[in-house]
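In what follows, a single structure is set out as structure tokens and then discussed.
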Number of protein chains: 2
Amino acid sequence: MTDTNENALSRSPDEQASGFEAVRTAHQSEMVEDYVELIAELIQLNGAARPVEIAERLGVTQPTVSKNLNRLKREGLILQEPYRSIRLTEEGRELAEACRQRHRIVVDFLVALGVSQEVAEYDAEGIEHHVSEETLAVFHAFTKERAKG
Amino acid sequence: MTDTNENALSRSPDEQASGFEAVRTAHQSEMVEDYVELIAELIQLNGAARPVEIAERLGVTQPTVSKNLNRLKREGLILQEPYRSIRLTEEGRELAEACRQRHRIVVDFLVALGVSQEVAEYDAEGIEHHVSEETLAVFHAFTKERAKG
DNA sequence: TACAAAAGTTAGCTTTGGCTAAATTTTGTA
DNA sequence: TACAAAATTTAGCCAAAGCTAACTTTTGTA
């Protein structure tokens, strides 16, 4: 293989740092995105999103969910009266829809590429937060192309 | 498009939780992996890895690097006398090599797929930590296939 | 309808990985 | 060689996101 010089050594410190900074930024929104996405799913599945189910599906304890829901409230993404189930605000619904689309694009892409359905779902959970618009568009185009062929 | 049922609603709570747990586990090793990978690069590039350069390339401050290097020392991945530059242990070298290979596979795959070199490097920094062995193998095979054609 | 079980919340602890400020050590140069 | 600049470290702060224990509220059923 010819040397296409695509290794990190050829990048400037600034370019390299911006990639790492993007990862740290992504980590800060991951929790919020996972929660609204899951809340939207649970509402669609059950008609309501209850903290106990969020905890079960995320694999964390109820107090952790309770604390994180407070952050979503502060950020205006959900509405919840104490001891009641959760509704999404308009803003929350929009974010959830965007996250669900992105998740779907990543999963469909991995499956189209030959990854098993189970592993695709598993890996997508992590990958989806680190895919730029450019890469997402390429994934989407690839999947559509494969579907035609 | 036919419904291939590849949405999260069709998964059991346990299956879904295991994906989220994997993401949390990956986050715990990300820092370590980024550091040893970068240290190996700097040694190759400059003959030595100095904390000040690690800080610059990661986009964090020197005290942050100093603190995190202590963790790498505790874990037996690097050797460093105070105020001196850093060497990798055999274990550190092996981990760095594995990380660099995985990074390279992800970048080459994205480029083969049509993503620009710059964005490929940028996205890979986040994606590489969330790619299972199965998916990595599929990426690698795809890149080799494209190179032939 | 009373009460036990389930669900939700609060309080408080832990770890991780950022940060600034300040101290120490090394390096490079006048 | 002395000293200023650069590099490294230490101390101490903060926020995020996990946890357990204990408390409150709601739900379901005997």
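Numbers restart at 1 for each chain; the letters A, B, ... are given by sequence-line order, proteins then strands.
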Q. How does protein contact run along nucleotides 9-16 of chain C, one letter per nucleotide 5' to 3', with B for base contact, S for sugar-phosphate only, - for none, heavy atoms under 4.0 Å?
A. BB-B---S
Check: residues 71-79 of chain B side-chain donor-acceptor pairs under 3.5 Å, at least two apart:
from, atom 1, to, atom 2, distance (Å)
Arg71(B), NE, Glu75(B), OE2, 2.9
Arg71(B), NH2, Gln28(B), O, 3.0
Lys73(B), NZ, Asn70(B), OD1, 3.4
Lys73(B), NZ, Gln80(B), OE1, 3.1

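Per the geometry, CZ belonging to Phe20(B) stands 16 Å off C1' belonging to dG18(D), to the nearest Å. The CG-P distance, from Leu72(B) to dT9(D), rounds to 12 Å in whole Å. Here dA6(D) presents its P atom at 15 Å from CD of Glu53(B), a figure rounded to the nearest Å. In this structure, CZ of Arg24(A) is placed 15 Å from P of dA17(D), rounded to the nearest angstrom. Glu30(A) has its CD atom 15 Å from the C1' atom of dG17(C), to the nearest Å. The separation between Ile54(A) atom CD1 and dG8(C) atom P is 9 Å, rounded to whole Å.
The ring pair (Phe, Tyr, Trp, His ring centres under 6.0 Å) search around Phe139(A) returns Phe109(A), not counting sequence neighbours. Listed by chain and number, the residues in a ring pair (Phe, Tyr, Trp, His ring centres under 6.0 Å) with Phe20(A) amount to none (sequence neighbours excluded). Every residue meeting the side-chain contact (heavy atoms from CB on, under 4.5 Å) condition with Ala55(A), not counting sequence neighbours, appears here in chain and number order: Gln62(A), Val65(A). Every residue two or more places apart in sequence or in another chain that forms a side-chain hydrogen bond (donor to acceptor under 3.5 Å, both in side chains) with Arg93(A) is listed here: Glu90(A). With sequence neighbours excluded, no residue satisfies side-chain hydrogen bond (donor to acceptor under 3.5 Å, both in side chains) with Arg146(A).
The closest donor-acceptor contact from the side chain of Glu134(B) to the backbone of Val119(A) lies at 3.5 Å or more, if one exists at all.
For the ring-ring contact (aromatic ring centres under 6.0 Å, His included) condition, the pairs that include at least one residue of residues 23-49 of chain A, sequence neighbours left out, are His27(A)-His130(A), His27(A)-His27(B).
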Q | salt bridge (Lys or Arg N to Asp or Glu O under 4.0 Å) assessment of Arg50(A) paired with Glu56(A) | A | CA-CA 10 Å; Arg50(A) 296 154 69 225; Glu56(A) 185 186 19; over 6 Å; no
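Taking only side-chain nitrogens and oxygens, Thr64(A) comes nearer than 4.0 Å to OP1 or OP2 of dC19(D).
For DNA chain D, the stems formed by at least three consecutive Watson-Crick or G-U pairs, with both atom-pair distances below 3.5 Å, span C:1-30 with D:1-30.
Tyr122(B) belongs to no hydrophobic cluster with other residues, because no ILVMFWY side-chain heavy atom falls under 4.5 Å from its own, directly or through intermediates. Taking a 4.5 Å side-chain heavy-atom cut-off between Ile, Leu, Val, Met, Phe, Trp and Tyr, the cluster of Tyr83(B) contains only that residue.
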Enumerate the protein-to-nucleotides 1-6 of chain C contacts in which both atoms are nitrogen or oxygen and the separation is below 3.5 Å.
none

